[in-house]
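One structure below.
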Amino acid sequence: QVQLVESEGGSVQAGGSLRLSCAASGYYYTAKCMGWFRQSPGKEREGVASIYTGPSTPYYSDSVKGRFTISQNNAKNALYLQMNSLKPEDTGVYYCAAGVYCSGANPHQDLALFRYWGQGTQVTVSS
């Protein structure tokens, strides 16, 4: 089991920035990839960014590329999402997740790869 706890989100105006963190515990060493996902009202949960544990190229959805940065600190069992130039359409509940059987590029495009999920944290961007 891997337990994931996201930091508190927040409310910002468009153009602002927020940084989310995710603390992992339990059998974190079994995780092969980590990802950030979000769910906006009335929409399905979607992948935002992902990264393999250990040295890895980050992957991003087109909607956040150039604005968001995913990073990790394996010594602290932590995952981060730096969000800049936020837009109202970035509003939603953000989840971090860990996958054990990830493979290939852009693992965040397949939610089924991610077995462990945090409880989610609300991010609200006002115009």
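Remember, predicted model here, so these are calculated numbers, not experimental data.
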Of all residues at least two apart in sequence or in a different chain, which pass the side chain to side chain contact (heavy atoms under 4.5 Å, CB included) check with Gln13?
-> Ser126
Would Val48 and Met34 show up in the same hydrophobic cluster when neighbours are defined by side-chain heavy atoms closer than 4.5 Å?
-> yes
Can you measure from CD1 (Ile51) to CG (Leu81) and round to the nearest 0.5 angstrom?
-> 11.0 Å
For Ile70 and Gly35, the nearest pair of non-hydrogen atoms, with its separation, is CD1-CA, 4.5 Å
Show me the donor-acceptor pairs within less than 3.5 Å that the side chains of residues 5-12 make with the rest of the protein, sequence neighbours left out.
unit_1, atom_1, unit_2, atom_2, d
Glu6, OE1, Gln119, N, 3.1
Glu6, OE1, Gln119, NE2, 3.4
Glu6, OE1, Gly120, N, 2.9
Glu6, OE2, Cys96, N, 2.9
Glu6, OE2, Gly120, N, 3.3
Ser7, OG, Ser21, N, 2.9
Ser7, OG, Ser21, O, 3.4
Ser7, OG, Ser21, OG, 3.3

Sequence neighbours excluded and cut-off under 3.5 Å, please list the side-chain donor-acceptor pairs for residues 100-115, or say none.
unit_1, atom_1, unit_2, atom_2, d
His108, ND1, Ser50, OG, 2.7
Asp110, OD1, Ala112, N, 3.1

Check whether any side-chain N or O of Thr30 sits under 3.5 Å from a backbone N or O of Tyr27 as a donor-acceptor pair, and report yes or no.
-> yes
Evaluate side chain to side chain contact (heavy atoms under 4.5 Å, CB included) for Tyr94 paired with Met83, printing each intermediate quantity in order.
-> CA-CA 12 Å; Tyr94 281 70; Met83 304 183 291; 3.9 Å; yes
Listed partners of Gln82 passing side-chain hydrogen bond (donor to acceptor under 3.5 Å, both in side chains), at least two apart | Asn84
Assert yes or no for the condition that the ring centre distance of Phe37 to Trp117 is strictly below 6.0 Å.
-> yes
Partners passing salt bridge (charged side-chain N to carboxylate O under 4.0 Å, His left out) against Lys65 (at least two apart in sequence or in another chain) | Asp62
Please identify each residue that fulfils side chain to side chain contact (heavy atoms under 4.5 Å, CB included) with Ala23, with sequence neighbours left out.
-> none
Note, Leu86 side chain near Phe68 side chain (heavy atom, < 4.5 Å) | yes
Would you call Gln3 and Tyr116 a side-chain contact if the rule is heavy atoms closer than 4.5 Å?
-> no
Taking all non-hydrogen atoms of both residues, which atom of Ala31 and which atom of Thr53 are closest, and how far apart?
-> O-OG1, 3.1 Å
Name all residues meeting the side-chain hydrogen bond (donor to acceptor under 3.5 Å, both in side chains) criterion together with Glu89; count only those two or more places apart in sequence or in a different chain, and write none if there are none.
-> none
Residues which pass side-chain hydrogen bond (donor to acceptor under 3.5 Å, both in side chains) with Thr91, listed by chain and number, not counting sequence neighbours | none
Intermediate values then yes/no, side chain to side chain contact (heavy atoms under 4.5 Å, CB included), Trp36 and Leu20 | CA-CA 10 Å; Trp36 285 99; Leu20 302 180; 3.7 Å; yes
Any salt bridge (Lys or Arg N to Asp or Glu O under 4.0 Å) pairs touching residues 36-49, not counting sequence neighbours?
-> Arg38-Glu46, Arg38-Asp90
Which residues pass the side-chain hydrogen bond (donor to acceptor under 3.5 Å, both in side chains) test with Ser40, sequence neighbours left out?
-> none
Considering only Ile, Leu, Val, Met, Phe, Trp and Tyr, and joining two whenever side-chain heavy atoms are under 4.5 Å apart, list the other residues clustered with Tyr59.
-> Tyr52
Within one Ile-Leu-Val-Met-Phe-Trp-Tyr cluster: Tyr95 and Val64, side-chain cutoff 4.5 Å = no
Sorted by first residue and then second, give each side-chain hydrogen bond (donor to acceptor under 3.5 Å, both in side chains) pair with at least one member in residues 69-81; sequence neighbours left out.
-> none
